[in-house]
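We name chains A, B, ... by the order of the sequence lines, and we start the count at 1 in each one.
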Amino acid sequence: MKNVVALVNLHNSPNLGILTASRPLASTTFLGRYTFIDFALSNLTNSGIDNIGILVKNQSRSIIKHLGSESTYLKNPKTGFQSLFINEYGINNPLFNTDVNNILANDWFLYDKNAKYIVIVPCQFVCKIDFSKILQEHIESNKVVSVVYHETSHADTRFINCDTLVVDALGNVQKFDVNMGEQEKAYISLETYIFNADYLREILSKIPDISSLFTLKDIVHFIVNYKEKVHAIRHSGYCRYYGSLKDYMDYSFELLDKDNLSSNLFTEDWKYYTTTHNSTPVLYGQNAIVKNSLLANGCRINGEVNHSILARNVIIEEGASVSDSIIFTDTIVKKGCHVKHAIIDKHCLIKNKEEVSGEKDNPIYIPQGANI
Amino acid sequence: MSKQCVAMILAGGKGTRLHALTKKIAKPAVYFGGKYRIIDFSLSNVANSGIDTCGVLTQYESVALNNYIGNGEKWGFNGVGGKCIPLPPRQTEEGASWYNGTADAIYQNLDFLDEEDPEYVLILSGDHIYKTLYNEMLELHIKSGATCTISVLEVPLNEASRFGILEVDNNDVITKFVEKPKVPKSNLASMGVYIFTYKELRKALVLDAKDENSEHDFGKNIIPYLLNNHKLLVAYRFKGYWRDVGTVSSLHQANMELLPSNRNSDTIRFGEYPPIFSEDTHSLPQFIGDKATIKNSLINQGAEIKGEVINSVISNEVKVLEGAVVKNSVLMPRVTISKGAYVENAIIGPDTLIKEKEEINKGNEEIILIDYARSLTK
């Protein structure tokens, strides 16, 4: 789809506390092998969208390192592009570091007359979205903007603080609200918008006169309230919003259940791409006892691993154990050390501390590079 | 710009003794070690040696192999000035012909080499498992001023009659080459890895092509020809792990050597420098179920283990379901071992389905090969 430009919007990514202190959610390790942005980018690629800008808010170091080469995600890096959009003025003036100002600072793609539709996707929602169908529905709706929503009956525990929307009989957005967890059923905005490019060009040209603090979300609300009908497009299937550290733990472990892994998030015809590191297959020693876990390549296991997620190159020695934990790349748990209810960041060495243990709803976090 | 050294990998052979495994793919494309294919080793060795140009001579079932090689990106040959090109036989003005021997395969691609204009050509086989850097061998070749340097491996004398054997003088200058001698006088076996000074190689190949009695083979024709013409041929002694995985049992054995219990200082370590590169399969992380038992095994990403896996090598997208047992076996990609099935001392070829409660080779010591069509089981 050469007439589509997609922008992966990292400006509204939630904060997962300590986990996202030195990196944005987009490049935070997920399921041992992925990061959150992999899902957004792979959805676009699998939908045939090859023109991709990434609206980076800050902490670009981690994003740049993760993304690697263009050919990781793009079908054809010659005919398409993958470009980081960075707004230096915004980074130096955090108040003005909005997605809209980032787009205005990187508006070169809007001059391309071939760009008919602009797709905006965030990366805090983990779901499978086929944008070719979404675009078709948007075009058939004859509206200038569409928003993708997810219908849930778990709004009391999930999607807290997300936008909700009310849809009228004609399938248009009547109004937006915020999910405070008061009801079970809700239509959750996935902050995924389809704009007709001409309309976006027009509205962006007016925005600086209205407010320098407007966000894309504000613009869509503004359009609904004062300007045009906005079409609502339903997403069905698996979808989770990663809004807190607890969400991160809960949903990661939820995916450990293979029925969820093989649900309509992970299907044969819908691969998720990620930068690879040439890791070897996992080595299981004579003393390995591994149950109910996900392991990325490069791990070496000769101890016990139970109900855990291990990223690349994690070493669990004989006489060490890990349970109910998430362990990031290159961490080593030495003999005699036991890890339970923990998130251990990259490059840690657990050597002297025999019990590294948190509680189920309050996991202990060991920061990157710790030697304990 | 001329290049110092270009590599040519001979990857056209079928590997008949691997039976059903090479029914649809050439031997170099056969899977190894859970994640790799045999040719990954040669290509990674070339890449790690800093050689940026590589031709891969393909013939038997060349489509799958050409497809795998692609632009060489998997091994980093897609960098500035680099290339990795599959070279299957082709039609020319003189007509069309297959590669009629190893030397003929190179002869038919002299135009490719002329274009690259290298000083030296590294010619190697694409079906061996080993890790090396060719730099030292190239240095020796340059320093000695030889026409050809041959990489040799010291083998036990009683096994020497299986190999092409080189006899050398005190300075490792080659004095004689005998293909599979009945009474070997030396234990230096040719590994099928040669470095030639290109000008000399070119002359020899052009002459050989005109010789109607020649089998156009490096071991049988080119090397003896050079020796007869008093050219300087030098042996380079390779030390370390090297395996020819040309039979079902040797392929199984080499896989078993990767298991933790069999590891020693010789064991090939894929991740350590120089690393072995391979394809990435966009797989999920491997999933281990709550009833799984895994001991002494090697398991690749994308695998789903809910049964028992002992002393085995498991490739990507393999499923071992509840109650299934896999022992001392090699499972190639996308194999499914259904519930309650039992597999022992086997190589299970790609895409094979082992049915519920099916027993494969139970209690049998001899290694068995099962492929998806169950056409050839040995």
Side-chain angles (χ1 to χ4, degrees), chain A residues 29-34 38 42 45-46 69 71-73 255-262 265-268 270-302 305-314 318, chain B residues 32-36 40 44 71 73-76 78 258-263 267-272 275-306 309-319 321 334:
Chain A
T29 302
F30 177 55
L31 287 185
R33 177 170 156 79
Y34 303 103
D38 293 339
S42 301
T45 301
N46 289 335
S69 79
S71 54
T72 304
Y73 301 97
L255 281 167
L256 241 188
D257 178 356
K258 186 64 193 175
D259 293 338
N260 284 322
L261 264 189
S262 57
L265 177 60
F266 295 99
T267 53
E268 291 272 302
W270 205 264
K271 302 269 187 205
Y272 296 100
Y273 314 108
T274 187
T275 303
T276 58
H277 298 82
N278 203 53
S279 310
T280 63
V282 176
L283 271 179
Y284 293 85
Q286 298 274 22
N287 305 302
I289 301 175
V290 182
K291 310 267 183 208
N292 201 19
S293 294
L294 281 171
L295 292 86
N297 266 2
C299 290
R300 297 212 300 269
I301 313 295
N302 204 17
V305 178
N306 192 12
H307 196 241
S308 293
I309 298 169
L310 274 50
R312 280 180 297 111
N313 305 337
V314 168
E318 181 187 350
Chain B
F32 181 80
K35 165 163 177 163
Y36 305 89
D40 284 336
S44 300
N71 68 347
E73 187 184 14
K74 300 178 184 84
W75 308 274
N78 60 334
L258 302 169
L259 301 181
S261 65
N262 298 332
R263 285 166 93 83
T267 305
I268 196 155
R269 287 169 167 77
F270 306 129
E272 286 174 21
I276 303 302
F277 307 112
S278 187
E279 174 182 37
D280 181 75
T281 48
H282 304 301
S283 307
L284 280 164
Q286 56 192 277
F287 173 77
I288 313 300
D290 53 4
K291 295 197 174 60
T293 304
I294 304 169
K295 302 278 181 204
N296 194 37
S297 293
L298 193 70
I299 303 185
N300 195 21
Q301 62 186 14
E304 186 184 320
I305 311 294
K306 293 175 170 175
V309 174
I310 314 285
N311 306 337
S312 294
V313 173
I314 310 285
S315 307
N316 45 290
E317 274 73 48
V318 164
K319 290 187 171 81
L321 299 178
R334 303 172 298 278

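- Looking at heavy atoms from C-beta onward, T293(B) lies in side-chain contact with K291(A) at the 4.5 angstrom threshold.
- In this structure, the side chain of K35(B) engages the main chain of S279(A) through a donor-acceptor pair within 3.5 Å.
- Considering only residues two or more places apart in sequence or on other chains, E268(A) meets the salt bridge (Lys or Arg N to Asp or Glu O under 4.0 Å) condition with none of them.
- Atom-to-atom distance recorded for S293(A):OG and I305(B):CD1 is 13.0 Å, nearest 0.5 angstrom.
- Contacts between T280(A) and chain B at a heavy-atom distance below 4.5 Å involve backbone atoms as well as side-chain atoms.
- Between E73(B) and S71(A), the closest side-chain pair of non-hydrogen atoms falls below 4.5 Å.
- Annotation: the span from C299(A) atom SG to Q286(B) atom CD amounts to 7.5 Å, rounded to 0.5 Å.
- Distance CG/D290(B) to NE2/H307(A): 9.5 Å, rounded to 0.5 Å.
- Between P285(B) and L295(A), the closest side-chain pair of non-hydrogen atoms is not below 4.5 Å.
- Atom CG of L259(B) and atom OH of Y284(A) lie 13.5 Å apart (nearest 0.5 Å).
- The two residues G33(B) and P281(A) come nearest to each other via the heavy atoms O-CG, 3.5 Å.
- N297(A) is listed as a side-chain neighbour of N300(B), based on a closest heavy-atom distance under 4.5 Å.
- The residue among S261(B), A292(B), S278(B) with the most heavy atom pairs within less than 4.5 Å of chain A is A292(B).
- Checked by atom type and distance alone, the side chain of N278(A) pairs as donor or acceptor with a backbone atom of I276(B) at under 3.5 Å.
- With sequence neighbours excluded, the residues satisfying side-chain contact (heavy atoms from CB on, under 4.5 Å) with T281(B) are E279(B), S283(B), Q301(B), N316(B), E317(B).
- Note: H282(B) NE2 to D38(A) CG = 11.0 Å, rounded to the nearest 0.5 Å.
- Of the two parts of Y272(A), only the backbone, made up of N, CA, C and O, holds a non-hydrogen atom closer than 4.5 Å to a non-hydrogen atom of chain B.
- Atom NZ of K319(B) has 12 or fewer heavy atoms from other residues, nucleotides or ligands within 6.0 Å.
- A distance of 10.5 Å separates CG in L294(A) from CD in E304(B), rounded to the nearest 0.5 Å.
- For F287(B) against L256(A), the heavy-atom pair with the smallest separation is CE1-O, 2.7 Å.
- Using a 4.5 Å cut-off between heavy atoms, R263(B) contacts chain A through its side chain alone, with no backbone atom that close.
- When A311(A), G285(A), G32(A) are compared by the number of non-hydrogen pairs under 4.5 Å with chain B, G285(A) comes out ahead.
- Only the backbone of L258(B) has a heavy atom closer than 4.5 Å to any heavy atom of chain A.
- Only the backbone of K291(B) has a heavy atom closer than 4.5 Å to any heavy atom of chain A.
- For a residue to count as touching a neighbouring chain, one of its non-hydrogen atoms must lie under 4.5 Å from one of that chain's; by this rule N313(A) does not touch chain B.
- Salt bridge D280(B)/R33(A): present, at least one basic N to carboxylate O contact under 4.0 Å.
- In this structure, chain A has no heavy atom under 4.5 Å from any part of I314(B).
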